[in-house]
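By convention in this document, chain letters (A, B, ...) are assigned in the order of the sequence lines, proteins followed by strands, and residues within each chain are numbered from 1. Hydrogens, waters and symmetry mates are skipped; everything else that's a heavy atom, side chains included, is used.
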Amino acid sequence: MTAPVRVRFAPSPTGYLHLGGARTALYNYIFARRHGGEFVLRIEDTDPSRSTDAAIAQILRSLREMELDWDEGPEKPGRHGPYRQTERQAIYREHIDRLLAGGHLYTCFHTSDELEAERRAAQAGKRAWVYSGACRALTTAEVERRKAAGEPWTLRFRVRPGTTTFDDMLRGPVEVGNDTIGDFIVQRSDGTITYNLAVVVDDVTMAITHVIRGDDHLSNTPKQILIYEALGVPAPYFLHMPLLFGTDRKKLSKRHGATNLEQLTAVGFLVEVVRNYLCFLSTEFDESMITWSLADLVAHLDVESLGTSASIFDPDKLRWMNGRFIRAMAPADFAARVQAYLERVGFYGQPPALRLLAAKGESALAEAIELGQLAPLPPGDDQERLTMLVAPLVQEKIEVLSDFIRLAGWLFTPLAIAGSAREKLTAIPDAQRILRAAAVCLAGLERYDVEQIEAAVRGLPEQLGVKPKSVFAALRLGMSGQPVTPGLFESLWALGRNEAAGRLAAAAGML
RNA sequence: GGCGCAUUCGUCUAGGGGCCUAGGACGCCGCCCUCUCACGGCGGUAACACCGGUUCGAAUCCGGUAUGCGCUACCA
């Protein structure tokens, strides 16, 4: 019988979980669940200068938001812990000793400055460069003498001659000549362990059977295989997923706008959609997949049938998917999501969120939230009622949740007609007459419902002898101060009779 | 420079020797619907990186070139 499948996701906590990382986490999770295996989370913080606890917390939060619960890892103790590399020093020690005993490691006294110079010279002469292995020849006595003299030293891995091969589950056989690898450092002069050794030791001791990671690690794999060999343990299966780039074909970074889950959800993308979008890259996609649940992803997606070339993050397609998803939601669910979103971005009782979005756009909003400038604020009773009332009106037209604010934010703030809206309103012939008539008309309606409102408004043009367009435009501007709103009749209805009539009358008074 | 991986419309992709004068989706453009904006519907634009082979026949197989990315670190 074969060993149970165990996979891991091993981010280095140097910042947010970016989308590429989220994607490999997703596929690791899916692979584990498909094979009834276990998914472990490990934090690769061997470089303390770049790792922060805040980043770790951030990453855990994002994974949880995507519902990728890990079976073992931080805050989820298991038999193979600890799950932070900084806490596994003793384990590395032990393995270093084993390698040392096996003659796979040797002490090297070359300083990084010396090596840097050599490398530069080789570079200038357009010659290939790998570490010469000069220190291999040092005698034990010599080593001891120089160590005693206080010279800094590192431990290097003695790369054997020959070639190293492995079968990538996605790309097939890969073969490299060991002479192109060069003895690499495994223990730094400060005594800390290097990435390539740490991963191997961790994967061995955590009983990882399948290493599913980004393509950027493909070139490191031969080194790691050499270490497995030296340790005398079988290497796991490897699968290198295609990378995810920004629109400029470069690695995703801040310059590409919203590129991590936090920012994306801050502008109103739904986690499920982002999650699905990431999964649908490098594979065939069908519209019916947009509303898939995590369980559906597990049931249908197979990391082994992904394509092999890198793909580019396309915010436009994500938007479209988000819109489709929103349209497919039950109205009540959508309303609840809108409310939670508005609360999160501090919309309720905090016009700043609204203004920020209007003036500076989505990225500014995302940034403000990120910096904690907008505190979550629960809605008041009236606001909650209004939100529920208005949500269905916008559900059919928006792409991201922040569009709600753009489209319907005016409903939550006192009437203000300024700038171009004011100019447009004044430019409408008979605007004042129209507004007054409409206010009176609405106030006198027998029943205040959408049908009655529509009938009344549609009767106005003939009644007043003006063009229908003038009436619609005047009422829209007059009730909202906005050129674009949800449906006119529905909006007037959502406002309520008094508020609607009051706004129109007030608008007439401003002319 | 060396090594590795990749290469179909702008983007995500279908395609695994004849079904391909290359199909779908996003975007873009146009039309329809329409109280604004959208949504929705319909239509259009647009690609096999290049050069050589193999073959009766190549997007599909092979070789080379180019380009991109990654590794080549006492980063991960």
With salt bridge (charged side-chain N to carboxylate O under 4.0 Å, His left out) as the rule and sequence neighbours excluded, what pairs involving residues 460-471 of chain A come up? none
So what does A:Leu488 hit on the nucleic acid, given a heavy-atom distance under 4.0 Å: a base, only sugar-phosphate, or nothing? base
Expected list for residues 421-429 of chain A: side-chain donor-acceptor pairs under 3.5 angstrom, two or more places apart:
from     : atom 1 : to       : atom 2 : distance (Å)
A:Arg422 : NH1    : A:Ile417 : O      : 3.1
A:Arg422 : NH2    : A:Met510 : O      : 3.1
A:Thr426 : OG1    : A:Arg422 : O      : 2.4
A:Thr426 : OG1    : A:Glu423 : O      : 3.2

Taking the same atom, C1', in B:C48 and in B:G10, what whole-Å distance lies between them? 16 Å
Please enumerate all residues that pass ring-ring contact (aromatic ring centres under 6.0 Å, His included) together with A:Tyr83, with sequence neighbours excluded. none
Residues two or more places apart in sequence or in another chain: which of them pass side-chain hydrogen bond (donor to acceptor under 3.5 Å, both in side chains) with A:Glu272? A:Arg337
Within the structure shown, what part of the strands sits under 4.0 Å from A:His240 by heavy-atom distance: base, sugar-phosphate, or nothing? nothing
Would you indicate what A:Phe489 reaches in the nucleic acid, counting non-hydrogen atoms under 4.0 angstrom: base, sugar-phosphate, or nothing? base
Between A:Glu229 and A:Arg160, does any NZ, NE, NH1 or NH2 come within less than 4.0 Å of an OD or OE carboxylate oxygen? yes
Among all residues two or more places apart in sequence or in another chain, which pass the ring-ring contact (aromatic ring centres under 6.0 Å, His included) test with A:Phe334? none
For A:Thr485, report the nucleic acid contact type (base, sugar-phosphate, nothing); a contact means any heavy atom under 4.0 Å. base
What's A:Ser219 touching, base or sugar-phosphate or nothing? Going by heavy atoms closer than 4.0 Å. base
Would you grab the first and last nucleotide of RNA chain B (5' to 3') that comes under 4.0 Å of any non-hydrogen atom in chain A? B:G1 to B:A76
Under 4.0 Å between any heavy atoms, over every strand shown, what does A:Ser189 touch: base, sugar-phosphate, or nothing? Just pick one. base
Note: contacts of residues 107-123 of chain A with RNA chain B (heavy atom, under 4.0 Å) are A:His110, A:Thr111, A:Ser112, A:Arg119, A:Gln123
Sequence neighbours excluded, which residues qualify as side-chain hydrogen bond (donor to acceptor under 3.5 Å, both in side chains) partners of A:Arg458? A:Glu454
Describe the nucleic acid contact of A:Gly182 in one word from base, sugar-phosphate, nothing, applying a heavy-atom distance below 4.0 Å. nothing
Can you name the residues that form a side-chain hydrogen bond (donor to acceptor under 3.5 Å, both in side chains) with A:Glu118, not counting sequence neighbours? A:Trp129
Taking any heavy-atom pair under 4.0 Å as a contact, classify A:Arg327: base, sugar-phosphate, or nothing. sugar-phosphate
What I want to find out is whether A:Arg327 reaches A:Glu396 closely enough, with some N-O distance under 4.0 Å, to be called a salt bridge. no
Mind checking if A:Gln482 touches a base, just sugar-phosphate, or nothing, with heavy atoms under 4.0 Å? nothing
Looking only at heavy atoms, what is the nearest atom pair of A:Ser480 and A:Thr485, with distance? OG-CG2, 3.4 Å
Pick the closest RNA chain B nucleotide for A:Leu170 and for A:Trp320 by heavy atoms, then say which residue is nearer the 5' end. A:Leu170
Looking across every strand, which nucleic acid part, if any, lies under 4.0 Å from A:Asp216 by heavy atom: base, sugar-phosphate, or nothing? sugar-phosphate
Determine the contact category for A:Lys317: base if any of its heavy atoms lies under 4.0 Å from a base atom, sugar-phosphate if only primed atoms, P, OP1 or OP2 are that close, otherwise nothing. base
Just checking A:Leu281: base, sugar-phosphate only, or nothing, at a heavy-atom cut-off of under 4.0 Å? sugar-phosphate
Counting the atoms with a prime plus P, OP1 and OP2 as sugar-phosphate, which does A:Arg171 contact under 4.0 Å by heavy atoms, base, sugar-phosphate, or nothing? sugar-phosphate
